[in-house]
Amino acid sequence: MTHDPIPPVLRPAPEQTLFSVRGLAYRYADDMPALAGIDLDVAPGDRIALVGQNGSGKTTLVKQLCGLLAPSAGEVFYRGRRLHGSHLDQARLEIGLLFQDPDDQLFGHTLIDDAAFGARNQGLGLAPAEEAGRLALEQVGLVEMAYKAPHNLSFGQKKRAALAGLLAMRPEVLILDEPTTNLDPRQEEIFLNLLREFAGTLICISHDLIFLYELCARAVVLDRGRIHHDYTLRELVSQRASLREHGLDFSFRLTAEAPPHLGPAAAEPIPRPAPEPSGNAAANAPLVSLRHFHYRYPDGTRALAGVDLDIGCGERLAIVGENGAGKTTLLACLLGLHQGQGTFHFAGELVTARHRKSLWRRVGMVFQDCADQLFCPSVEEEVAFGLKRLGFSAAETRKRVAAALARVRLSGFETRVPLHLSGGERKRLALACVLGMSPELLILDEPTAGLDPAGEELLLEILADLEATLLLVSHDMFFVGELTRRTLVMHQGRIAFDLPTREFMQDEALGSLNGLAFIYRRNCGNAIRELQHEHEHSHPHQHLHTHPHRHAETLHAHPHEHTHEHPHRFSHRHPDGSEAHDHPPRRYHEHGHPGHDGEPHDHEHE
């Protein structure tokens with residue numbers, strides 16, 4: 001379905017405008033257009049969801065609003081004045097921007113240094129600024145880490161630390177770019193509650209429309225650098241056709257976002273006993289076996305504390321847990337990037353320091369930020385890089401590159417520049433680089449991070465068809481439920497529970513104990529599903545009505561019938577939401593037609 005862009009319908013009155021954007025356009029240095037013809041007004045206190053597919057221009061637009069980028073054409077006004085010069089300098093002290101990658105705004109020696117930095121720039125002295133930073137760290141649940149180095153935190157902890165630096169400044173405007181990426185559900189709820197209480201103007205970029213539904217009232221939809229819709233978020237989520245057109249249809253998640261609870265949950269789930277110590281290598285040895293495995297970071301932070309783990313060949317396994325539980329550290333050890341203490345067997349062989357350096361040949365990992373593993377000038381060279389390191393011939397390399405790109409739906413992209421691809425395309429390219437090498441163990445670290453719903457649905461389709469030993473680390477409970485059969489719950493560097501994924505998904509008590517509860521998501525999903533169940537139809541139908549008219553000197557009336565087309569909405573409920581049903585058009589509809597008598601029309605009569 002295509003249509004003309006819908007002009008904004010929620011534009012505030014001029015005297016109430018905080019931001020005013022007129023004719024905004026922007027081109028990157030390579031002359032690639034990013035924004036064109038943007039007209040947008042934002043009122044004080046607006047809560048706006050800025051949505052669209054990867055590459056639609058959302059991040060570029062918010063960088064214009066806070067002055068990080070200057071328009072190629074058009075103008076941006078803040079509080080009635082052009083965002084320029086000294087006015088821009090002042091605006092930057094009032095507008096807080098949370099980047100998608102928190103490493104872009106964390107640079108201090110400690111968290112308290114970063115948290116207090118913005119407040120110091122606002123003119124506060126050292127002690128008041130540190131107090132503001134400490135209060136902000138307490139708000140985001142990181143005050144106990146105030147004197148730790150930011151680079152030793154998990155990605156989700158870094159995200160909260162970056163938010164603390166903004167909250168300490170008490171901004172008038174808060175702009176957030178994918179704030180929930182890689183957050184566990186408990187910390188996601190902390191973000192949600194903090195943002196609900198924020199009294200200023202809020203602009204939030206996210207592909208997570210369930211999170212946005214709880215937070216925002218207004219939705220601005222970007223498509224290829226232009227505004228296509230500006231209406232209520234409630235209207236957006238209720239219209240599946242529009243969502244799908246813009247790559248935002250997340251409805252595939254609504255059937256399993258939170259599976260129904262089957263039977264009473266145990267008050268204290270019983271963990272599986274630790275596996276027995278493995279003996280010598282044998283034909284039936286697990287692919288991966290860890291015993292009493294530990295790891296500490298250079299600053300002494302304990303990341304893994306006595307992990308015992310077996311992964312069988314062909315297993316599809318998930319690892320879940322709160323931010324900082326040790327999940328990503330465990331993956332780095334399995335990949336050979338970190339040297340832990342304890343015993344590590346791979347395919348029955350003891351992994352020593354010498355073997356660790358060659359694990360990359362047998363273990364493939366797609367990082368949560370796939371830009372960390374893309375560095376070649378073209379897509380084809382990117383996929384070929386690892387194959388050449390493995391010693392494949394030129395002919396075999398070409399064959400494997402073509403097969404890997406076809407598997408991830410990137411055929412025809414061979415000459416494209418990897419870092420010019422959309423987020424979803426880069427994620428699939430990183431996956432192709434790994435799959436081309438035929439790893440014995442495939443590790444995915446937060447594979448849905450930053451993907452729009454269309455990208456998520458495509459990735460799910462690709463991964464569901466893979467025949468490989470799969471280890472998935474994710475806070476995305478939908479993907480965990482769809483892709484894995486066994487789930488490990490990590491807590492404070494240990495494996496606290498090891499159970500079938502189905503049991504994990506059904507055990508609400510287990511989710512609550514480990515920060516994995518998704519109650520608000522279930523409630524939002526139910527509300528959105530009900531909105532989408534209000535069907536809109538457009539079909540031709542007939543009207544039978546009396547229409548007074550005159551023949552010569554005689555005024556009389558008799559029934560007339562005519563046919564026309566317009567939409568009807570059917571709002572209804574079904575006792576069983578899964579019940580198959582349709583809505584056949586009826587021949588006649590009882591409703592009025594104001595002004596019909598004045599419209600030109602003909603009636604056949606005898």
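It should be emphasised that the depicted structure is a prediction, and the values quoted were computed from it without experimental measurement.
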Measure up the Tyr295 and Tyr297 rings against each other and bin them: parallel (under 30°), tilted (30 to 60°), perpendicular (over 60°).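 Because their plane-to-plane angle is over 60°, the rings of Tyr295 and Tyr297 count as perpendicular.
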
Would you call the rings of His246 and His228 parallel, tilted or perpendicular, taking 30° and 60° as the class edges?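 Perpendicular.
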
Any chance you could measure [X], atom [atom1], to [Y], atom [atom2], to the nearest 0.5 Å?
X: Glu214; Y: Ile210; atom1: CD; atom2: CD1; result: 10.0 Å
X: Lys159; Y: Asp101; atom1: NZ; atom2: CG; result: 7.5 Å
X: Ser206; Y: Lys58; atom1: OG; atom2: NZ; result: 9.5 Å
X: Arg218; Y: Leu236; atom1: CZ; atom2: CG; result: 13.0 Å
X: Leu222; Y: Leu35; atom1: CG; atom2: CG; result: 7.0 Å
X: Leu472; Y: Asp445; atom1: CG; atom2: CG; result: 9.0 Å

Minimum-distance pair of heavy atoms, taken over all atoms of [X] and [Y]:
X: Leu233; Y: Ala49; answer: CD1-CB, 4.3 Å
X: Val140; Y: Ala164; answer: CG2-CB, 3.9 Å
X: Leu248; Y: Val51; answer: CD1-CG2, 3.8 Å
X: Lys158; Y: Asp103; answer: NZ-OD1, 3.1 Å
X: Asn54; Y: Gly424; answer: OD1-N, 3.7 Å
X: Thr501; Y: Gly481; answer: CG2-CA, 4.0 Å

Stepwise side chain to side chain contact (heavy atoms under 4.5 Å, CB included) test for Glu461 and Arg409: CA-CA 11 Å; Glu461 179 184 334; Arg409 319 295 197 268; 2.9 Å; yes

Any sub-3.5 Å donor-acceptor pair from [X]'s side-chain atoms to [Y]'s backbone N or O?
X: Arg316; Y: Leu483; value: yes
X: Arg362; Y: Glu440; value: no
X: Gln105; Y: Phe99; value: yes
X: Glu382; Y: Cys376; value: yes
X: Arg47; Y: Leu215; value: yes
X: Gln373; Y: Met365; value: yes
X: Lys427; Y: Leu459; value: no
X: His207; Y: Leu451; value: yes

With side chain to side chain contact (heavy atoms under 4.5 Å, CB included) as the test, would you mind laying out the steps for His345 and Val288 before giving the verdict? CA-CA 6 Å; His345 287 82; Val288 171; over 6 Å; no

If you apply the rule side chain to side chain contact (heavy atoms under 4.5 Å, CB included), what do you find for Arg494 with Val307, and how did you get there? CA-CA 6 Å; Arg494 301 178 184 273; Val307 171; 5.8 Å; no

Ring pair (Phe, Tyr, Trp, His ring centres under 6.0 Å) between Phe385 and Phe375, worked out: CA-CA 10 Å; Phe385 180 83; Phe375 47 82; 5.0 Å; yes

Audit row: Leu97, Leu68, side chain to side chain contact (heavy atoms under 4.5 Å, CB included) steps and yes/no: CA-CA 10 Å; Leu97 171 61; Leu68 282 180; 3.6 Å; yes

Pair [X] + [Y]: basic N to acidic O under 4.0 Å:
X: Glu315; Y: Arg486; value: yes
X: Asp310; Y: Arg291; value: yes
X: Glu457; Y: Arg244; value: yes

Just by distance, with hydrogens left out, do Glu235 and Thr232 show a side-chain donor and acceptor under 3.5 Å apart? yes

Thr201 and Asp46: side chain donor to acceptor below 3.5 Å: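 Their side chains do not contain a donor-acceptor pair, so the 3.5 Å distance test is not met.
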
Side chains of [X] and [Y], heavy atoms from C-beta outward: is any pair under 4.5 Å?
X: Arg416; Y: His420; result: no
X: Leu334; Y: Leu471; result: yes
X: Phe191; Y: Leu98; result: yes
X: Leu429; Y: Val408; result: no
X: Leu202; Y: Val173; result: no
X: His475; Y: Lys327; result: yes
X: Asp465; Y: Leu463; result: no
X: Leu195; Y: Phe211; result: yes

From CA spacing to verdict: side chain to side chain donor-acceptor pair (under 3.5 Å), Gln53, Ser56: CA-CA 5 Å; Gln53 287 181 288; Ser56 61; over 6 Å; no

Criterion side chain to side chain donor-acceptor pair (under 3.5 Å) on Ser438 and Arg400, from CA distance to verdict: CA-CA 9 Å; Ser438 301; Arg400 283 176 171 257; 3.1 Å; yes

Checking Lys148 against Thr301 for the side chain to side chain donor-acceptor pair (under 3.5 Å) test, could you report, in this order, the C-alpha distance in whole Å, the side-chain angles of both residues, the deciding distance, and whether it holds? CA-CA 9 Å; Lys148 287 202 173 289; Thr301 301; 3.2 Å; yes

Counting only heavy atoms not in Arg407, do more than 12 sit closer than 6.0 Å to its CZ atom? no

